[in-house]
Amino acid sequence: MPTSVDFETFYDKKNKLSASVQGADLYIRDPRFNAYMVSVYDGTEAWAGHLSRFNWDALDGQHLLSHNAGFDARVYSRLVEQGLAPSLNIPSWQCTANLSTYLCMRRDLGRAVEFLFGVQLDKSVRGNADGKTWEDLTKEDGGKSMIEYAKQDAIYCWRIWNKYGHLWPTLEKKLSALTIKQCRRGVQIDADKLELFIGVAEKMRVQAEQALPWMAEGKKPTSPKAVAEQCRRVNIPCPPVKSHDGEEAYDEWAAQFSAKYRWVKAYTDFRVINKFITTLNTIRERLRENGTFPFELLYFGAHTGRWSGSGGFNMQNMRKEPLYCDDEGWLITDPDKLKEIERALDPKNGGQLPSWVAYALDIRALFTARPGRKLILSDLSQIEPRVLAWLAGDFKLLELLARGQSPYEAHARSTMKWEGGELKYEDKELYALAKARVLGLGFGCGWKKFITVAYNMASLDITKDDPEEYQATNDEGELCFKADGTPVMKDGYGYNSRRIVKEYREQNPLVTGLWKTLDESFKQSEGGDFEMALPSGRSLRYGEVRRERRAIHDEETGETKWKWAMTALAFDQKRNAVVRKPFYGGLLTENLVQATARDVFGEHLIALDEAGGMDPLWSVHDEAILDCDASRSTKDVKHLMSQAPEWIPGLPVSADTQEAPHYKK
DNA sequence: GCAAGATGCGCC
DNA sequence: AAAGGGCGCATCTTGC
């Protein structure tokens, strides 16, 4: 029988002493850090009290459990370092927070216990301990309430494992343990480069800041109010809200006014540079003496099972493009100039930065292998379209993929009547369309959204060939064009987008069939839970399916329409809570594909970890970053990541693998 | 003074 | 009938 362990440690939010603010590593090394209490439970007896009274030998040789094992294990190691705990033999330390998330997307103990046992825990004791030392707590009530609280936590941690541990597959246990190991191990940082980047970026920030007229009045640099006031002052419209009016609308606004007003470019630049500096500062603050950077990655951070970044630094969303700085310290944002840089950097053209670029600040270049080792980067090639084809039973497409064709070309051959040679080179237009269809239309996306999706994913403006009657006209009746020469279209336009969406659906009955099947199964589970089985053996659960009327607000007309929708309980990341959301066939298909792709990748991660000689440092959904010894090559990695797990036979898997001096796009 | 919401900027 | 989805963090404003 395992033993659960829970440490209570001093935290002080006001003075920025806490694991959530500092990250676990910095927190436990902070001079103010103090672990004052430990509680344990072995299924029969619970004990909680001050560390000085704890019989550590009781844990020797025991399999341990903690709710957030990564944290408690680090606290223990720190205590050993400080001579406050003996070094014990601990064969395993499992995490019930990770288990709870796997089971029901409730990570914190309170909500997990509420869902799994129907018991409401009182978490107020911990909340009230903010800024209080053990001495403070003993003065209050002899520490009694904290002792009871800590006991309760250890007991429920143990009970979660005891009741549900067997539902956690072996592979998932390994992935949980690997994730905990990765976070603690961290990654080697090029510290000199870090300092250089921060120095250059700070100068760039000053440059941008000096161009903001409202700074003189003491307004904040990115204050929306200050920007709006400035717009009124010079009699130009306020910048369109990107999430509301669309990115394109904003780009047009910026293009129109940036030549005349330098602050138009500068205030957006400021945001970009400032974000960059803040991110780099987090690395600097958390850097350990050996130059490694510990991070946090959440096992099962998304309801599909994907990992999520966490803990103040997200390892999964580092920008791909460097910040380019010109001789005067301005951020280079002009698309033509960026293209020129890209051309110049191509090895075929010399592979050097143009002379007018003073610095290229690439955050990814800071992440390297440990001394004497090498970095290997490997990502699964278009795993989601491949998985979709497998799930839909599209054997024709699978066969083309198995022959080594890209999903875009295979799709064009399979459904778009392409019979020529290599599509990418022979018909660029069709290739772009195939790419947009594959990436954009597999999950039920509608024509309106597809216009942006095609633009973002395949740089395709599918409205440009729309018939003239859809093109907007000005007051004089002349046709309207954007700055780049493409037409401005009327509301209700989208002739070609509608046509493409319709054609895709007609030509891919297996995919639409999958949407329909899932949609119908979902509807049939009305009144109960909908459980979607995944090929790997795990499943996604959608709780308490209901048919209900939901208000839809039409942005254009301002009207509110009521529509029937099928809804279920699902985890909402933004609110960090389980809420009711609408679902439909396309969305369920998307969840199914993403979850299955994650499971395939999970098998690869464990295979890589167990192969030896290479440490998976962290992962980004379909991409593994490995710190390898000299005996390992890209071939080994590529081979392991090209296997289809036995539960998904015939899935054509392939990986792009490279050795690199540092992390890169 | 703090929390929550809106917005922006990043990623697959 | 139609419906992109999955994430995290910083900054600013507003409301209590």
Side-chain angles (χ1 to χ4, degrees), chain A residues 13-14 20-21 130 219-228 239-245 247 250 267-279 281-282 295-298 300-321 323 363-364 379-380 382-384 436 439-454 456-457 498 501-502 505 512 515-516 519 540 550 552 561 563-567 570-576 581-595 597-598 601 619-623 665:
Chain A
K13 277 192 188 160
K14 201 174 69 202
S20 54
V21 175
D130 191 353
K219 302 267 173 56
K220 289 176 177 172
T222 62
S223 163
K225 279 177 76 179
V227 175
V241 179
K242 288 183 186 178
S243 55
H244 197 262
D245 309 304
E247 199 132 340
Y250 176 84
Y267 90 91
T268 299
D269 285 1
F270 181 93
R271 277 206 185 99
V272 171
I273 300 164
N274 193 48
K275 178 181 165 67
F276 187 78
I277 294 173
T278 311
T279 311
N281 274 332
T282 305
F295 50 82
E296 282 172 53
L297 208 53
L298 281 188
F300 227 94
H303 77 97
T304 53
R306 295 217 297 206
W307 283 257
S308 68
S310 169
F313 189 96
N314 188 346
M315 293 297 283
Q316 298 193 131
N317 74 345
M318 280 184 255
R319 57 176 300 137
K320 296 170 80 169
E321 297 297 334
L323 294 186
I363 184 170
R364 298 190 178 211
D379 66 287
L380 292 175
Q382 310 100 357
I383 185 67
E384 290 198 3
L439 297 176
L441 295 178
F443 307 126
C445 158
W447 64 270
K448 230 178 217 171
K449 187 75 194 172
F450 184 61
I451 293 171
T452 16
V453 170
N456 293 339
M457 291 185 165
R498 289 173 207 250
V501 170
K502 192 160 161 271
R505 292 180 182 178
T512 55
W515 302 348
K516 210 172 168 189
D519 207 57
L540 298 182
R550 315 237 339 161
I552 312 286
K561 286 181 194 158
K563 286 187 174 178
W564 286 101
M566 295 303 297
T567 67
F571 187 71
D572 184 293
Q573 213 70 35
K574 289 206 167 60
R575 297 180 202 174
N576 188 23
K581 286 181 178 180
F583 287 91
Y584 53 91
L587 178 50
L588 293 168
T589 303
E590 206 275 338
N591 287 181
L592 172 63
V593 169
Q594 190 182 104
R598 176 272 185 196
F601 182 67
S619 56
V620 189
H621 309 307
D622 59 1
E623 174 191 9
K665 63 170 174 174

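Each chain gets a letter, A, B and so on, in the order the sequences are listed, and its residues count up from 1.
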Closest to side chain of [X], choosing from [options]:
X	options	result
A:Trp447	B:dC12, C:dA3, C:dG5	C:dA3
A:Val272	B:dG10, C:dG6, C:dG4	B:dG10
A:Arg271	C:dC12, B:dG8, C:dG4	B:dG8
A:Pro224	B:dC9, C:dC12, B:dC11	C:dC12
A:Leu587	B:dG8, C:dG4, C:dG5	C:dG5

Just the rounded figure in Å: distance from [atom2] of [N] to [atom1] of [X].
X	N	atom1	atom2	value
A:Glu623	B:dC11	CD	C1'	10 Å
A:Phe295	C:dC7	CZ	P	20 Å
A:Lys320	B:dC9	NZ	C1'	15 Å
A:Gln382	B:dC12	CD	C1'	13 Å
A:Phe276	B:dG8	CZ	C1'	18 Å
A:Asp269	B:dC9	CG	C1'	13 Å
A:His303	C:dC7	NE2	C1'	11 Å
A:Ile363	C:dG8	CD1	P	18 Å

Would you tabulate the side-chain donor-acceptor contacts of residues 270-279 of chain A under 3.5 Å, counting partners in other chains and residues two or more places apart, or write 'none'?
from     : atom 1 : to       : atom 2 : distance (Å)
A:Arg271 : NH2    : A:Thr222 : O      : 3.4
A:Asn274 : OD1    : A:Arg205 : NH1    : 2.6
A:Thr278 : OG1    : A:Asn274 : O      : 2.6
A:Thr279 : OG1    : A:Lys275 : O      : 2.6

[X] versus [Y]: any side-chain heavy-atom pair under 4.5 Å?
X	Y	value
A:Arg498	A:Lys502	no
A:Ser619	A:Phe601	yes
A:Leu439	A:Glu384	no
A:Arg598	A:His621	no

Contact list (N/O, under 3.5 angstrom) for nucleotides 14-16 of chain C vs protein:
none

Students often get this wrong, so: under 4.0 angstrom with heavy atoms, is [X] touching a base, only sugar-phosphate, or nothing?
X	answer
A:Arg319	sugar-phosphate
A:Arg364	sugar-phosphate
A:Val620	sugar-phosphate

I want to check one thing: is the phosphate of [N], taken as OP1 and OP2, less than 4.0 Å away from some side-chain N or O of [X]?
X	N	value
A:Lys448	C:dA3	no
A:His621	C:dG6	no
A:Tyr250	B:dC9	no

Original post:
Hey, does the side-chain of A:Glu590 have a donor or acceptor N/O within less than 3.5 Å of a partner on the base of C:dG4?
Top reply: yes

Protein N or O to nucleotides 9-11 of chain C N or O, pairs below 3.5 Å:
from   : atom 1 : to       : atom 2 : distance (Å)
C:dC9  : OP1    : A:Gly311 : N      : 3.0
C:dC9  : OP1    : A:Gly312 : N      : 2.7
C:dT11 : OP1    : A:Asn274 : ND2    : 3.0
C:dT11 : O3'    : A:Thr222 : OG1    : 3.2

**OP:** In sequence, state the C-alpha distance, the side-chain angles, and the governing distance for A:Glu623 and A:Lys320, and then conclude on salt bridge (Lys or Arg N to Asp or Glu O under 4.0 Å).
**Re:** CA-CA 14 Å; A:Glu623 174 191 9; A:Lys320 296 170 80 169; over 6 Å; no

Subject >> Rounded C1' spacing from B:dC11 to C:dG4 in Å >> reply: 16 Å

Closest heavy-atom contact between [X] and [Y]?
X	Y	answer
A:Cys445	A:Val501	O-CG1, 4.1 Å
A:Gly440	A:Val453	CA-CG1, 3.6 Å
A:Arg319	A:Ile363	O-CG2, 3.8 Å
A:Ala570	A:Lys581	CB-CD, 4.3 Å

Subject >> Row check, A:Trp515 ring normal vs A:Arg505 NZ/CZ: under 6.0 Å, within 45° >> reply: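 No - A:Arg505 does not lie over the ring of A:Trp515 by the 6.0 Å and 45° rule.
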
